[in-house]
Chemist: 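Pasting a structure here, questions to come.
Read the numbers this way: they start at 1 and go in the same order the structure lists the ligands and their atoms.
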Amino acid sequence: MSGIDDLPALRDVIASHGLSARKALGQNFLLDLNLTAKIARAAGDLSGCDVLEVGPGPGGLTRGLLAEGARRVLAIEKDARCLPALEEIAAAYPGRLEVINADALALDWSAHLTPPVKVVSNLPYNVGTELLIRWLTPPAWPPVWQSLTLMFQREVADRIVAAPGSKTYGRLAILAQWRSDARIALTLPPEAFTPPPKVHSAVVHFTALPSPRFPADQAVLERVVAKAFNQRRKMLRAALKGLAPDIEDRILAAGLKPTDRAEQISIEGFCALARAVAG
Ligand code: SAM
């Protein structure tokens, strides 16, 4: 028994199901169930929510989510070797865990969940940023999810919560903070995982805002931000050259200076620029 439920300790689960970690699948497992319960708690009250978990692996975080009271968990796991271990968890929590053996990048999960939905995952690092960008850019806002509580490499987490003027401020910070509140909920050293990755990690908690912080067309904003940061050390008038006719006038119309550099411009400034470019 493991402390948070009547299931076996995760080391025994891994040994009995032969779940040796595979690097290609980004498999760095969390074996401390007190820690996985803490991550589940970082997502707030789960009792009335369906939870989407990408990459449950042997199920440490899955068990944390269920023990912390999630109404239902939908777990999407690419590695079929993990399925028997996950079935044991499903049997211990009847009717509350659905497991789908699929690539999370290829599956439309929305039909499997009933709102309110929270996403809580210790993501495989190789697909984490791609999934985050998809969750942050749905066809309409507000999104299906109410919050995201996600593990990233510390360096990616820092880029997500970065403020203007910092070296890590860029596309990811603007994408995340334009329509959500994003903060680092906890940080973890490599030794928290088995096997330990080379880098430190952090859990970022995002709460979806009911509407974007400032008006802008998503596609135009993304275009402007991508071009501005493509040459982040250049002044805006040079970095944005060719984006629209009379670009200097549009920069001025947005209340910015053509000599400003991308990393100094707030999200409000970028939204004004996107509106000036669209107009
Ligand atoms: N949640 C477990 C934990 O905390 O111990 C495992 C986390 S491990 C970092 C990432 C998990 O994602 C692995 O189980 C891996 O097999 C799975 N995975 C990798 N790529 C995936 C994909 N494209 N779709 C779904 N699962 C994936």
Chemist: Arg22 near ligand 1, heavy-atom distance under 4.0 Å?
Modeler: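 No, Arg22 has no heavy atom closer than 4.0 Å to ligand 1.
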Chemist: Considering only non-hydrogen protein atoms, determine which one is nearest to atom 11 (C) of ligand 1 and report residue, atom name and distance to 0.1 Å.
Modeler: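 I find the closest protein heavy atom is Gly55 O, 3.5 Å.
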Chemist: Please work out which of Glu77, Met151, Lys78, Glu130 has its closest non-hydrogen atom nearest to atom 17 (C) of ligand 1.
Modeler: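 Among Glu77, Met151, Lys78, Glu130, the closest heavy atom to atom 17 (C) of ligand 1 belongs to Glu77.
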Chemist: Do other residues, nucleotides or ligands put more than 12 heavy atoms under 6.0 Å from Arg134 CZ?
Modeler: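 Above 12, so yes.
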Chemist: Any side-chain donor paired with an acceptor under 3.5 Å for Glu53 and Thr62?
Modeler: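 Glu53 vs Thr62: donor-acceptor pair found between side chains.
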Chemist: Counting non-hydrogen protein atoms only, what is the nearest one to atom 5 (O) of ligand 1? Give residue, atom name and distance.
Modeler: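 Checked against all protein heavy atoms, atom 5 (O) of ligand 1 sits closest to Leu30 N, 2.8 Å.
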Chemist: Considering only heavy atoms of Asn28, which atoms of ligand 1 have at least one such atom less than 4.0 Å away?
Modeler: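 Going through ligand 1 atom by atom, the ones under 4.0 Å from Asn28 are 7 (C), 8 (S), 9 (C).
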Chemist: Which class fits the ring pair Phe229 and Tyr169: parallel under 30°, tilted 30 to 60°, perpendicular over 60°?
Modeler: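 Perpendicular, since the angle between the ring planes exceeds 60°.
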Chemist: What atoms in ligand 1 come closer than 4.0 Å to a heavy atom of Glu53?
Modeler: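 So the atoms of ligand 1 that pass are 1 (N).
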Chemist: What atoms of ligand 1 come within less than 4.0 Å of a heavy atom belonging to Ile76?
Modeler: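 So the atoms of ligand 1 that pass are 25 (C), 26 (N).
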Chemist: Go through the steps for Asp79 and Gln27 under the test side-chain hydrogen bond (donor to acceptor under 3.5 Å, both in side chains), then give the verdict.
Modeler: CA-CA 10 Å; Asp79 185 355; Gln27 292 184 336; 2.9 Å; yes
Chemist: Check for me whether Pro56 has a heavy atom closer than 4.0 Å to any atom of ligand 1.
Modeler: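 The answer is yes, since Pro56 has a heavy atom less than 4.0 Å from ligand 1.
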Chemist: So which protein heavy atom does atom 19 (C) of ligand 1 come closest to, and at what separation?
Modeler: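 Answer for atom 19 (C) of ligand 1: Leu25 O, 3.1 Å.
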Chemist: Of all the non-hydrogen atoms in the protein, which one sits nearest to atom 3 (C) of ligand 1, and at what distance?
Modeler: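 The answer is Asn122 ND2, 3.4 Å.
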Chemist: Any idea which protein heavy atom is nearest atom 24 (N) of ligand 1, and the distance to it?
Modeler: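 I find the closest protein heavy atom is Ala104 N, 2.9 Å.
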Chemist: Sub-3.5 Å donor-acceptor pair from the side chain of Arg71 to the main-chain atoms of Gly48, do we have one?
Modeler: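 Side chain of Arg71 to backbone of Gly48: a pair is present.
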Chemist: For His200 and Gln153, does a side-chain donor sit closer than 3.5 Å to a side-chain acceptor?
Modeler: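 Per modelled atom types, His200 and Gln153 side chains form no pair under 3.5 Å.
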Chemist: Determine whether Phe206 and Ile160 satisfy the following criterion, side chain to side chain contact (heavy atoms under 4.5 Å, CB included), listing intermediate values before the conclusion.
Modeler: CA-CA 10 Å; Phe206 307 74; Ile160 292 167; 3.5 Å; yes
Chemist: For atom 23 (N) of ligand 1, which of Asn126, Thr194, Asp103 has the closest heavy atom?
Modeler: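 Looking at heavy atoms only, Asp103 sits closest to atom 23 (N) of ligand 1.
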Chemist: What is the closest protein heavy atom to atom 20 (N) of ligand 1, and at what distance does it sit?
Modeler: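 The answer is Pro124 CG, 3.6 Å.
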Chemist: Are any side-chain N or O atoms of Asp260 and backbone N or O atoms of Lys257, one a donor and one an acceptor, separated by less than 3.5 Å?
Modeler: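 A pair under 3.5 Å: yes.
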Chemist: May I ask whether Ala106 places a heavy atom under 4.0 Å from ligand 1?
Modeler: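 No heavy atom of Ala106 comes that close to ligand 1.
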Chemist: Looking only at distance, does Cys82 have an N or O less than 3.5 Å from an N or O of ligand 1?
Modeler: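 No, no N or O pair falls under 3.5 Å.
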Chemist: For Gly26, state whether at least one heavy atom is located under 4.0 Å from any atom of ligand 1.
Modeler: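 Within the 4.0 Å threshold, so yes.
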Chemist: Run Glu88 and His17 through side-chain hydrogen bond (donor to acceptor under 3.5 Å, both in side chains) and show every step you take.
Modeler: CA-CA 11 Å; Glu88 285 171 14; His17 293 286; 3.1 Å; yes
Chemist: State whether the side chain of Arg171 and the backbone N or O of Glu222 hold a donor-acceptor pair below 3.5 Å, judged by distance alone.
Modeler: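 Checked: no pair found.
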Chemist: Give me the atom names and distance for the closest heavy-atom approach of Ala244 to Arg250.
Modeler: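 Smallest interatomic distance, heavy atoms only, reads CB-NE, 3.7 Å.
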Chemist: Going by the atom numbers of ligand 1, which of them fall below 4.0 Å from some non-hydrogen atom of Gly57?
Modeler: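 Matching atoms, with element in brackets: 14 (O).
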Chemist: Let me see the working for Glu98 and Arg72 under side chain to side chain contact (heavy atoms under 4.5 Å, CB included), right down to the final yes or no.
Modeler: CA-CA 8 Å; Glu98 182 184 353; Arg72 272 187 74 245; 2.8 Å; yes
Chemist: Tell me: protein heavy atom nearest atom 13 (C) of ligand 1, and distance?
Modeler: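 Result for atom 13 (C) of ligand 1: Gln27 CG, 3.6 Å.
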Chemist: Which of the atoms of ligand 1 are close to Ala102, meaning less than 4.0 Å from one of its heavy atoms?
Modeler: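 Result: 24 (N), 25 (C).
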Chemist: Using a 4.0 Å cutoff against the non-hydrogen atoms of Asp79, which atoms of ligand 1 qualify?
Modeler: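 Counting from 1, the qualifying ligand atoms are 16 (O).
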